[in-house]
Each structure stands twice: as structure tokens, then as C-alpha cells.
Amino acid sequence: MKHGLFITIEGVEGAGKSTVIAAITELLTDLGLQHITTREPGGTPFSEEIRAILLNNRDETVEPLTELLLMNAARVQHVKQLIKPSLHNGIHVICDRFNDSTFAYQGGGRELDMHLLETLDQLTLEGFKPDLTLLLDLDVNIGLQRAAKRGEKDRFEQEKYDFFNKVRQCFLQRAQAVPERYQIIDASQSENQVKQAVIHAVRECLAKKRSMQVIAIERGNVHE
Ligand code: T5A
């Protein structure tokens, strides 16, 4: 039985997610491990169309519930069409944002009812979750300054400090509640220090996975 690792990267705008994903890709390539990188919202052609709808600036106000439903719709497609089939083929999947972003942005930032989010999350993912979530924690102002260097702001980036601070606090609460799945990384460190911390966490996760597979093989539970 083959099964890849599912690793998600989370954090506020400009926390350095794209930067660390490049470092993880380099590590997995050096180790000769098959992997893909993907992102949310998005990841499949259909979900990328939903991403454009969600991120484009527009005059019409987008209702928080509309936003929530579209995030989850894109996720169903992404998980069923790309993430799960890749994992089942032994391919590691590195995903730029996943369901923690929904809890942080639509729950924390937009203040939608968390019970509603939990219900939709269960409907969307049926209990499926990442093996490891790296939370790049960063002061909101620093993140926004870094993100601002990129040019035109998308619809989310138009939000103010208070919104992103609620997002950050929600991420932290979720990570602190389940420490075995999350690694909180101080993203205010230099790029190199952040990359080293991320690589250490990914190596540990790979080692844990390997030792679990060895135990399963010894017990005769796995036929490779
Ligand atoms: N969203 C998403 C929801 O509301 N709900 C959901 O369920 C989901 C899935 C997606 C938007 O959708 C929202 C959240 C988002 O607003 P996105 O493009 O995925 O948008 O997210 P962004 O956060 O906008 O992505 P960014 O590209 O802004 O941030 P990154 O990837 O975290 O940052 P990165 O790596 O591009 O770095 C930004 C800059 O900082 C520098 C880099 O060189 C770069 O210039 N940098 C550092 N500088 C100093 N020190 C370091 N340690 C640095 N690391 C990076």
C-alpha cells in the first residue's frame, strides 16, 4: 500500500508560504521523492476558476456565506480530483493553504459561525486531514508590508489590520489546540532560518511516516 504525505502551509498574507514551499520542493527532489505542489483556493482547472471569482476585485459586496460555500466547493473538487488520487499513488502533496485558512479567514476574519464551518468542513472533507500543517506565524503588519511589494492587491488584501489579526489569532488557536499535527514557525526570522525550521519539521514527518510503515510491514498489515 503506497501513501504519500499531505503537508499544508498556512499563515497570514506575506508570511512566506511560497518561499518555504520552494524549499520543501527542493528537499523532496534531493531525496528522490515524488511530489506535487498545489494551492487553495485552486489546484484543478475548475477550482482555479473559483479562485479567480473569489480573489478578483469587484464592486459588488461578496457575502461571507457565499465566500465560505465557494471555498468549500473548490476544496471538494481539489481533494477528490487531485489530492487524494496523488496520495494514493504514493506522491507527497504540498498544499499552499487548506481548510485551516477557511476557519481563520471565514471564521476568524469574517466571524461566521464556527459550528456552521465545522459542519461544512465535515461535509467537504469527511474527516480527511493533513499529516502536517506548518503555520508560519507573523506579525500582520510585517506580512502586509512584504505582500505589498508584489503590486496590485487582491480582494482579500484590501482588508485591514483588525481582520488579519483575527485571522492570525484563529490560526494560532487551532494550532495550539492540536500540537501533534501543527508546527508553529516564527516567520519573522530570516528566510534562511525559516527554511531550516520548515525542512527540520518535514524531515521529522517523513521519518515518522517511515517508522509507522516499518511497524505495519512487520505486523503484516501492509503489502507493498
Ligand atoms: N483564503 C484562502 C480564504 O479566505 N479562505 C480559504 O479557505 C483559503 C484557502 C489566497 C487568499 O484566499 C484566502 C486567503 C488569501 O487571502 P494566496 O495567494 O494563497 O491568496 O495567499 P497570500 O497570503 O496572498 O499569498 P502571498 O503570496 O501573499 O504570501 P506568501 O506566499 O505567504 O508569501 P511569499 O513567500 O510570496 O513572500 C512574500 C514576500 O516576502 C519575502 C518574499 O521574498 C516575498 O517578497 N519573504 C521574506 N522576507 C523576509 N524574511 C522572510 N523570512 C521572508 N519570507 C518571505
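Atoms within a ligand are numbered from 1 in the order they appear, just like the ligands themselves.
Nearest-residue assignment for atom 12 (O) of ligand 1 (options Tyr105, Phe98, Phe164, Phe156; heavy-atom criterion): Phe156. Of the candidates Glu157, Gln158, Lys17, Arg150, it is Arg150 that places a heavy atom closest to atom 27 (O) of ligand 1. Scanning Gln189, Arg97, Arg39, Arg51 for the heavy atom closest to atom 18 (O) of ligand 1 points to Arg51.
Residue Arg75 approaches ligand 1 through these ligand atoms, each under 4.0 Å from one of its heavy atoms: 7 (O), 9 (C). Residue Thr19 approaches ligand 1 through these ligand atoms, each under 4.0 Å from one of its heavy atoms: 34 (P), 35 (O), 37 (O), 42 (C), 55 (C).
Taking 4.0 Å as the cut-off, Ser190 counts as a neighbour of ligand 1 on heavy-atom distance.
Ring geometry for Tyr105 against Phe164 counts as perpendicular: the plane angle is over 60°, on a 0 to 90° scale with 30° as the lower cut.
Atom NZ of Lys84 sits in a crowded spot, with more than 12 heavy atoms from other residues, nucleotides or ligands closer than 6.0 Å.
At a distance under 4.0 Å, no protein heavy atom can be found next to atom 45 (O) of ligand 1. Closer than 4.0 Å to atom 53 (C) of ligand 1 lies at least one heavy atom of the protein.
Counting only N and O atoms by type, the side chains of Arg174 and Thr133 include no donor and acceptor under 3.5 Å apart.
Checked options Ile21, Val93, Asp96; the residue passing with Thr38 is Val93 (criterion: side-chain contact (heavy atoms from CB on, under 4.5 Å)).
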